[in-house]
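Below is one structure, written out as structure tokens; the observations come after it.
Labels below follow one simple rule: chain letters A, B, ... track the order of the sequence lines, proteins then strands, and each chain is numbered from 1.
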There are 2 protein chains.
Amino acid sequence: MNRKNLSDEALALIASRFKLLGEGSRLKLIIALESGEQSVNELVAATGLTQANVSRHLAALTAGGILSRRKEGLNVYHAIADPGIFDMCESVCGSLQKSLGARAKVFR
Amino acid sequence: MNRKNLSDEALALIASRFKLLGEGSRLKLIIALESGEQSVNELVAATGLTQANVSRHLAALTAGGILSRRKEGLNVYHAIADPGIFDMCESVCGSLQKSLGARAKVFR
DNA sequence: CAACTATATGAGTAGTTAGTTATATTAGTA
DNA sequence: TACTAATATAACTAACTACTCATATAGTTG
């Protein structure tokens with residue numbers, strides 16, 4: 001791919017995906033979902049965030065194509081829609097480990 | 001890696017790296033640097049951003065370990081310090097292509 | 001239908017961030 | 001030393017974002 005020819009529109013799309021990942025609470029939710037789909041309430045319990053906050057972040061992640069949404073009775077279950085997300089986390093952790101050196105213990 | 005055991009500190013580090021990439025102007029700068037190091041003025045010309053703005057973004061990217069900085073006479077040259085960045089862009093473009101389907105033409 | 005549960009959303013706030021303009025700093029040059 | 005060029009920074013503004021509290025909506029159960 002010739003990245004120099006990316007349109008402003010394409011660039012904005014890429015940036016918005018990175019931006020979705022650039023927030024601790026949303027990362028927490030994504031990580032909590034790594035082991036499988038969960039209801040909103042389960043995610044509230046797993047992350048310690050408030051229900052309103054979780055609901056908002058889930059809506060953003062779903063709109064961005066990172067999560068899927070499935071309603072069943074009273075519950076709404078979210079799941080990872082784009083597993084490529086985890087490759088990206090690996091990449092980031094890898095380069096952080098390199099640049100942080102000794103302090104990288106926290107990532108193991 | 002067991003992502004569920006990531007400390008809040010580690011999570012914040014990961015998020016902050018994603019956040020640096022989650023902004024169109026900074027992505028422009030990174031892409032402009034893919035072909036090699038450039039001075040601040042060259043980057044101003046390449047991106048169409050103002051000098052002050054470029055200077056700020058370069059400082060942020062350098063502090064975040066994404067760029068390196070080398071001073072030579074009046075000029076300051078920046079370069080990609082972490083080529084892993086481009087793998088991440090590939091990942092994002094790939095999953096965007098999948099999720100956007102036809103509209104993904106812009107990425108080619 | 002009334003009561004209850006799970007989730008979403010409106011409204012407001014505090015904090016952050018990208019951008020601008022003007023100026024300061026640093027280094028080379030006449 | 002005075003002048004010029006390249007980069008950084010201070011001060012400000014406008015827009016955005018995460019968060020909270022309260023309430024609305026949708027679905028379930030008695």
Side-chain angles (χ1 to χ4, degrees), chain A residues 8-9 11-33 36-79 81, chain B residues 8-9 11-33 36-79 81:
Chain A
D8 279 358
E9 187 199 0
L11 228 113
L13 274 170
I14 298 171
S16 72
R17 171 137 311 195
F18 278 125
K19 194 177 289 184
L20 275 176
L21 299 175
E23 212 278 321
S25 298
R26 284 193 290 272
L27 281 182
K28 266 190 194 176
L29 288 166
I30 290 171
I31 290 170
L33 287 169
E37 72 169 12
Q38 300 211 41
S39 73
V40 177
N41 260 351
E42 287 168 333
L43 289 168
V44 169
T47 59
L49 303 170
T50 66
Q51 184 268 318
N53 204 9
V54 166
S55 185
R56 295 211 125 89
H57 284 307
L58 290 175
L61 289 166
T62 304
I66 292 175
L67 301 185
S68 64
R69 201 190 116 106
R70 179 177 73 83
K71 191 159 190 178
E72 180 180 314
L74 275 179
N75 301 305
V76 174
Y77 293 92
H78 290 264
Chain B
D8 279 359
E9 185 199 0
L11 230 115
L13 273 171
I14 298 170
S16 72
R17 171 137 312 196
F18 278 125
K19 192 177 291 183
L20 276 176
L21 299 176
E23 213 276 324
S25 298
R26 282 193 291 270
L27 281 182
K28 266 191 195 175
L29 289 166
I30 290 172
I31 289 170
L33 286 170
E37 71 169 11
Q38 301 212 40
S39 72
V40 176
N41 261 351
E42 287 169 334
L43 288 169
V44 168
T47 59
L49 304 171
T50 65
Q51 184 267 317
N53 204 9
V54 166
S55 186
R56 293 214 124 84
H57 284 309
L58 290 176
L61 289 167
T62 304
I66 292 176
L67 301 184
S68 65
R69 200 190 117 106
R70 177 177 75 82
K71 192 160 189 179
E72 180 181 313
L74 274 179
N75 301 304
V76 174
Y77 293 93
H78 291 264

*Selection residues 17-27 of chain B - residue pairs positive for salt bridge (Lys or Arg N to Asp or Glu O under 4.0 Å), sequence neighbours left out*: Arg17(B)-Asp82(B)
_Check: Leu21(B) and Leu21(A) side chains under 4.5 Å, non-hydrogen atoms_ = no
_Quick check for you: to the nearest 0.5 Å, what is the distance between Leu61(A) atom CG and Ser68(A) atom OG?_
11.5 Å
*Residues two or more places apart in sequence or in another chain: which of them pass side-chain contact (heavy atoms from CB on, under 4.5 Å) with Arg69(B)?*
Thr62(B), Lys71(B), Val76(B), His78(B)
_The criterion is side-chain contact (heavy atoms from CB on, under 4.5 Å); which residues satisfy it with Asn53(A), sequence neighbours excluded?_
Leu49(A), Thr50(A), His57(A)
_Integer-rounded Å distance: dT28(D) C1' and Lys71(A) NZ_ = 12 Å
*Contacts of type salt bridge (charged side-chain N to carboxylate O under 4.0 Å, His left out), residue Glu42(B), not counting sequence neighbours*: none
*Does the side chain of Asn75(B) reach to within under 4.5 Å of the side chain of Asn41(B), using non-hydrogen atoms?*
no
*5' to 3' on DNA chain C, which nucleotides open and close the contacts with chain B (atom under 4.0 Å from a heavy atom)?*
dA18(C) to dG28(C)
*Of all heavy-atom pairs between Leu33(A) and Gln38(A), which one has the smallest distance, and what is that distance?*
CD2-N, 3.6 Å
*In the 5'-to-3' direction, what one-character label does each nucleotide of nucleotides 1-9 of chain D receive under the scheme B = base within less than 4.0 Å of a protein heavy atom, S = sugar-phosphate only, - = no such atom?*
----BSBBB
